[in-house]
Amino acid sequence: MNKKDFYFDLPKELIAQTPLKERDASRLLVLDKDTGKIEHKQFRDIINYLERGDTLILNNSRVIPARLFGVREDTHSKVEILLLKRVKNKKDCWEALVKPGKKARIGHRIVFGEGLLIGEVVDIIEDGTRIIHFLYEGVFEQILDQLGTMPLPPYIKEQLEDQERYQTIYSKVEGSAAAPTAGLHFTEYIFKELKKKGVNIAFITLHVGLGTFRPVKEEKIEEHKMHSEYYEISQDIVDLIYKTKTSGKRVIAVGTTTVRTLETAVTKAGEIKASSGWTDIFIYPGYQFKIIDGMITNFHLPESTLLMLVSAFAGRDKILNAYHEAVKNKYRFFSFGDAMLIK
């Protein structure tokens with residue numbers, strides 16, 4: 001398939017710049033993936049679409065203050081870095097995006113917080129991503145909390161007054177460079193009402209990384225390579241999924257990160273297993289889903305891997321038609337935008 005097959009025209013004014021005052025006040029487009037029928041609702045109506053015995057699975061990863069501002073040790077010129085993920089098996093090493101890149105060649109040292117943290121560029125890998133080794137005294141996470149800022153996506157130009165609005169209310173495990181934004185709509189009220197109905201609520205972890213920030217460059221999407229992200233799925237979740245499935249109920253994933261985690265944990269024999277590790281699964285039309293029966297997601301960028309994933313689940317034509325309806329009805333798009341339920 002070609003990248004242009006996933007293009008749609010999106011007016012810039014529909015890109016949400018700030019979150020709504022109330023998380024669950026966003027709109028909800030409900031798409032029946034079998035019939036293509038579309039309904040226009042409020043997010044609070046999600047309660048009516050879940051039934052007793054269904055299992056709702058969410059990603060509990062928490063965004064770290066991954067954007068750091070520093071200066072080159074030798075020239076004192078300004079440098080900005082965005083931490084993407086820890087490097088496997090290398091202590092205190094991170095993959096990072098650096099601006100401007102010409103100020104971050106191998107061997108260059110960057111000073112943050114007047115020396116509280118020092119980063120040395122030790123390697124340059126694909127697409128100009130740097131490997132940075134950090135030197136510090138104390139606890140890295142505490143220093144990052146002190147020096148770092150929230151890494152909002154580049155299409156958000158407004159200042160975020162409350163940093164917690166770019167975190168889900170159930171975020172717990174620190175490690176993401178971007179929020180699993182489909183979960184931003186959930187409130188304690190919604191969880192309370194779902195539990196009263198007998199809906200199971202469970203959590204997996206996937207730390208959102210580089211793939212969120214990188215567009216698809218290849219014209220043939222099959223040639224696109226996803227960057228790997230760390231995930232964890234416990235035996236308790238696996239047992240709950242089996243119980244849900246054998247009872248004839250549904251597994252509903254909140255967000256594309258949750259979908260990718262669940263589908264990664266499926267063995268070649270078609271069984272889901274408790275596991276942790278790194279996934280670079282790329283889901284696009286033609287993929288056969290093994291676990292999920294429904295999905296709650298936001299509205300994604302044209303020609304993005306996220307749009308390709310939801311197209312694989314509901315069908316490209318149905319998804320593009322739903323997006324056309326969303327644009328026509330002035331839904332809000334992307335991280336702080338409205339939501340879609342695909343059932």
Side-chain angles (χ1 to χ4, degrees), residues 61-156 166 173-180 206-218 223-231 257 260 277-282 301 304-306 335:
S61 183
R62 183 170 176 81
V63 184
I64 61 173
R67 180 164 276 124
L68 289 162
F69 297 91
V71 296
R72 271 266 301 274
E73 187 178 54
D74 52 357
T75 65
H76 299 288
S77 53
K78 294 180 180 180
V79 180
E80 175 187 343
I81 74 169
L82 175 61
L83 301 179
L84 297 170
K85 66 180 180 182
R86 293 181 186 271
V87 177
K88 291 180 279 187
N89 304 320
K90 288 188 178 181
K91 182 173 170 49
D92 294 325
C93 285
W94 286 75
E95 287 188 21
L97 299 178
V98 181
K99 292 196 307 186
K102 64 182 180 181
K103 294 182 181 179
R105 299 192 176 100
I106 293 175
H108 288 172
R109 286 161 60 103
I110 306 166
V111 179
F112 306 94
E114 298 183 345
L116 194 60
L117 182 68
I118 296 175
E120 180 178 352
V121 180
V122 296
D123 199 4
I124 300 176
I125 55 176
E126 57 185 319
D127 297 327
T129 302
R130 268 60 174 174
I131 304 296
I132 298 180
H133 177 248
F134 287 101
L135 304 170
Y136 56 92
E137 291 184 5
V139 179
F140 181 79
E141 287 74 16
Q142 292 177 357
I143 295 171
L144 194 61
D145 283 340
Q146 183 177 342
L147 300 180
T149 61
M150 189 66 70
L152 292 177
Y155 48 76
I156 293 178
Y166 193 58
V173 185
E174 292 193 337
S176 278
L206 182 137
H207 293 320
V208 187
L210 185 61
T212 296
F213 297 93
R214 287 288 163 86
V216 176
K217 295 180 179 179
E218 295 78 5
E223 297 174 1
H224 177 72
K225 172 68 175 171
M226 295 285 285
H227 289 78
S228 60
E229 297 165 312
Y230 181 79
Y231 77 94
T257 60
R260 294 179 65 238
W278 298 82
T279 179
D280 61 358
I281 187 172
F282 178 24
L301 284 83
S304 65
T305 61
L306 307 181
S335 297

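Computed from heavy atoms alone, side chains included, the values below leave out hydrogens, waters and symmetry copies. Small disclaimer: the values here were computed from a predicted structure and weren't measured.
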Query raised in the report: Sequence neighbours excluded, which residues qualify as ring-ring contact (aromatic ring centres under 6.0 Å, His included) partners of His224?
Result: Phe282
Query raised in the report: Quick one: side-chain hydrogen bond (donor to acceptor under 3.5 Å, both in side chains) partners of Ser304, sequence neighbours excluded?
Result: none
Query - Partners meeting side chain to side chain contact (heavy atoms under 4.5 Å, CB included) with Leu116 (sequence neighbours left out) - result: Ile143, Gln146, Leu147
Query - Carboxylate-amine/guanidinium contact Lys85 Glu229, below 4.0 Å - result: no
Report summary line: Residue pairs passing the salt bridge (Lys or Arg N to Asp or Glu O under 4.0 Å) test with at least one member in residues 133-144, sequence neighbours excluded, are Arg86-Glu141
Report summary line: Note: Glu95 and Ile131 closest approach over all heavy atoms is CG-CD1, 3.4 Å
Query raised in the report: Are Leu301 and Leu306 close enough that some pair of their side-chain heavy atoms sits under 4.5 Å apart?
Result: no
Query raised in the report: What's the spacing between Arg67 CZ and Leu152 CG if we round to 0.5 Å?
Result: 7.5 Å
Requested in this report: Only counting residues at least two apart or in another chain, list the ones meeting side chain to side chain contact (heavy atoms under 4.5 Å, CB included) with Leu83.
Outcome: Ala66, Leu68, Ile81, Trp94, Ala96, Phe134, Phe140, Leu144
Query raised in the report: Could you state the interatomic distance from OG1 (Thr305) to CE (Met226), rounded to the nearest 0.5 Å?
Result: 4.0 Å
Query raised in the report: Considering residues at least two apart in sequence or located in another chain, which fulfil the side chain to side chain contact (heavy atoms under 4.5 Å, CB included) criterion with Ala104?
Result: Val98, Val121, Arg130
Requested in this report: First locate atom CD1 of Ile156, then atom CE of Met150, and finally report the distance between them rounded to the nearest 0.5 Å.
Outcome: 11.0 Å
Report summary line: Between Ile132 and Gly119, the two heavy atoms sitting closest are CG2-CA, 3.7 Å
Report summary line: Contacts of Arg72 meeting salt bridge (Lys or Arg N to Asp or Glu O under 4.0 Å) (sequence neighbours excluded), chain-then-number -> Asp74
**Report entry** Set of residues satisfying side-chain hydrogen bond (donor to acceptor under 3.5 Å, both in side chains) with respect to Asp123, sequence neighbours excluded
**Finding:** none
Query - Spacing of Glu223 atom CD and Lys217 atom NZ [to the nearest 0.5 Å] - result: 14.0 Å
Query raised in the report: Looking at residues at least two apart in the chain, or sitting in another chain, which of them share a side chain to side chain contact (heavy atoms under 4.5 Å, CB included) with Glu73?
Result: Arg109, Val111
Query raised in the report: Side chains of Val173 and His207: does their closest heavy-atom pair fall under 4.5 Å?
Result: yes
Query - Lys225: salt bridge (Lys or Arg N to Asp or Glu O under 4.0 Å) partners, not counting sequence neighbours - result: Asp280
Report summary line: Nearest heavy-atom approach of Pro151 to Ile64 is CD-O, 3.5 Å
Requested in this report: Can you sort out the partners of Glu174 under salt bridge (Lys or Arg N to Asp or Glu O under 4.0 Å), two or more places apart, ordered by chain and number?
Outcome: none
Query raised in the report: For Tyr166 and Ser335, does a side-chain donor sit closer than 3.5 Å to a side-chain acceptor?
Result: no
Query - Full working for side chain to side chain contact (heavy atoms under 4.5 Å, CB included) between Thr129 and Leu97 - result: CA-CA 5 Å; Thr129 302; Leu97 299 178; 4.0 Å; yes
Requested in this report: Could you list the residues that satisfy salt bridge (Lys or Arg N to Asp or Glu O under 4.0 Å) with Glu218, not counting sequence neighbours?
Outcome: none
Query raised in the report: About how many Å separate CG of Leu206 and OH of Tyr230, when rounded to the nearest 0.5 Å?
Result: 10.5 Å
